[in-house]
Number of protein chains: 2
Amino acid sequence: MTSTEKTSTEKTSTERTPLRPTRQRTAVVEAMASFDDFRSAQDIHDLLGRGATPVGLATVYRTLNALVEAGEVDMLRTEDGEAIYRRCSETHHHHLVCRSCGATIEVEGPAVERWTRSIAAEHGYADVSHTLEIFGTCRRCS
Amino acid sequence: MTSTEKTSTEKTSTERTPLRPTRQRTAVVEAMASFDDFRSAQDIHDLLGRGATPVGLATVYRTLNALVEAGEVDMLRTEDGEAIYRRCSETHHHHLVCRSCGATIEVEGPAVERWTRSIAAEHGYADVSHTLEIFGTCRRCS
DNA sequence: CGATCAATTGAGAATCGTTGTCAAAGTGGT
DNA sequence: ACCACTTTGACAACGATTCTCAATTGATCG
């Protein structure tokens, strides 16, 4: 038996939610590890539903959002506004996503990064961030 | 042009829909000419509602989509997936948007266009489109 | 061990943006 | 004016996401 003892009261005063490692949270994380493309929350929910650990849709959404917040999952929007998720690597990157099957390739574009930064600076915009996604139809789907 | 450039032939062969200049379509176009920032379809609908020419919400959506299709209006999505619209200039471009006040500057990046196209081609993706928006805090807001 | 208490869950209701439906009204061409 | 075809709008339908809230779970402490 693993008696996990926390070093006294580590509760950092204010708004940080403890975030307990529950059965369903683990399930979601594992599910995210099981595929490489971007999937919608509903897809992920279905995936879990068929498995041994069904997780409520609301919980899937909650967990997914938490993971995005924590930077462990990438979230982007399809052309019609639906959110799709995927576990992400640490480095900053962009995606080349197949519109029909979702196959994703991570791409980097140092030049683009530089460009956006300079454009922003040129106009006096601070705190710059940007979104860049490329959509297309992959070879197998066309 | 939109910040989402389609390199495909969307509407095939079939003749272009006539697109008649009706009272409500004119009203929407005029409304679009009356502001410089991105607004949601509902905002635009409200705007018209207060004016002398109310237009049904469905029609606003239809018209807006037609305008986007025709390349006369830019459409992009907010962080939470809502579509926002703005009249746009002729050329393909992207936007530098102030996160807090919405002030928008159109920017062009031929290099980026070329880059995305080549990346896609390199991986065998056809029908390429892309989205690129830059967010920051403008001078006045920071 | 058992009580306690807050975090968490899930089923379904509620939102919200957007699109579909369809009868009624408008438009252009003849 | 007549006809064929758009277009419109009120409202229903939809799909994605969030909210509600009672029931459950997990961690902690005595």
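No experiment lies behind these values; they were computed from the predicted model shown. Chain letters run A, B, ... following the sequence lines, proteins first and then strands; every chain starts at 1. In what follows, every heavy atom counts, from backbone to side chain, and hydrogens, waters and symmetry copies are set aside.
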Whether [X] contacts [N] is assessed here as follows: a side-chain N or O lying under 4.0 Å from the phosphate OP1 or OP2. Is that the case?
{"X": "B:Gln24", "N": "D:dT7", "result": "no"}
{"X": "A:Thr22", "N": "C:dT9", "result": "yes"}
{"X": "A:Arg25", "N": "C:dA7", "result": "no"}
{"X": "B:Tyr61", "N": "C:dT18", "result": "yes"}
{"X": "B:Thr59", "N": "D:dG9", "result": "yes"}
{"X": "A:Asn65", "N": "D:dT18", "result": "yes"}

Item checked: Cation-pi check, A:Arg99 onto A:Phe135 ring (under 6.0 Å, within 45° of axis) ->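 No, A:Arg99 does not sit over the ring of A:Phe135.
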Note to self: Within the structure provided, determine whether A:Glu106 and A:His94 are in side-chain contact (heavy-atom separation under 4.5 Å).
What the structure shows: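 Not touching, per the 4.5 Å side-chain cut-off.
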Measure [atom1]/[X] against [atom2]/[N] and give the value in whole Å, please.
{"X": "A:Glu82", "N": "D:dA16", "atom1": "CD", "atom2": "C1'", "result": "7 Å"}
{"X": "A:Arg77", "N": "C:dT18", "atom1": "CZ", "atom2": "C1'", "result": "14 Å"}
{"X": "B:Leu64", "N": "C:dT19", "atom1": "CG", "atom2": "C1'", "result": "14 Å"}
{"X": "A:Leu67", "N": "C:dT8", "atom1": "CG", "atom2": "P", "result": "13 Å"}
{"X": "B:Met75", "N": "C:dG17", "atom1": "CE", "atom2": "P", "result": "15 Å"}
{"X": "B:Leu48", "N": "D:dT8", "atom1": "CG", "atom2": "C1'", "result": "14 Å"}
{"X": "A:His45", "N": "D:dG15", "atom1": "NE2", "atom2": "P", "result": "16 Å"}

Which part of the nucleic acid, if any, lies within reach of [X] when heavy atoms closer than 4.0 Å are counted: base, sugar-phosphate only, or nothing?
{"X": "B:Arg62", "result": "base"}
{"X": "A:Gln42", "result": "base"}
{"X": "B:Asp43", "result": "nothing"}

Notebook entry, point to check: Between B:Asp36 and B:Arg87, is there a salt bridge with N-O shorter than 4.0 Å?
Noted result: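 Looking at B:Asp36 together with B:Arg87, the answer is yes, because their closest N to O distance falls below 4.0 Å.
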Notebook entry, point to check: Pick the nucleotide of DNA chain C nearest each of B:Leu57 and B:Arg23; which residue has the one closer to the 5' end?
Noted result: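 It is B:Leu57, whose closest nucleotide lies nearer the 5' terminus.
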Next item on the list: Evaluate ring pair (Phe, Tyr, Trp, His ring centres under 6.0 Å) for B:Phe38 paired with B:His95, printing each intermediate quantity in order.
Entry: CA-CA 11 Å; B:Phe38 280 92; B:His95 304 100; 4.9 Å; yes
Notebook entry, point to check: If Ile, Leu, Val, Met, Phe, Trp and Tyr residues are connected whenever their side-chain heavy atoms lie under 4.5 Å apart, and connections chain through other members, are B:Val112 and A:Val97 in the same group?
Noted result: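 Different clusters: B:Val112 never reaches A:Val97 through Ile, Leu, Val, Met, Phe, Trp or Tyr contacts under 4.5 Å.
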Next item on the list: Could you check which of C:dG12, C:dG17, D:dT17 has an atom nearest any side-chain atom of A:Ala58?
Entry: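 Given the options C:dG12, C:dG17, D:dT17, the side chain of A:Ala58 is closest to C:dG12.
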Check: If you pin A:Ser40 and B:Thr63 to their nearest nucleotides in DNA chain D, which one's is more 5'?
Finding: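 By nearest-heavy-atom nucleotide position, the 5'-most residue is B:Thr63.
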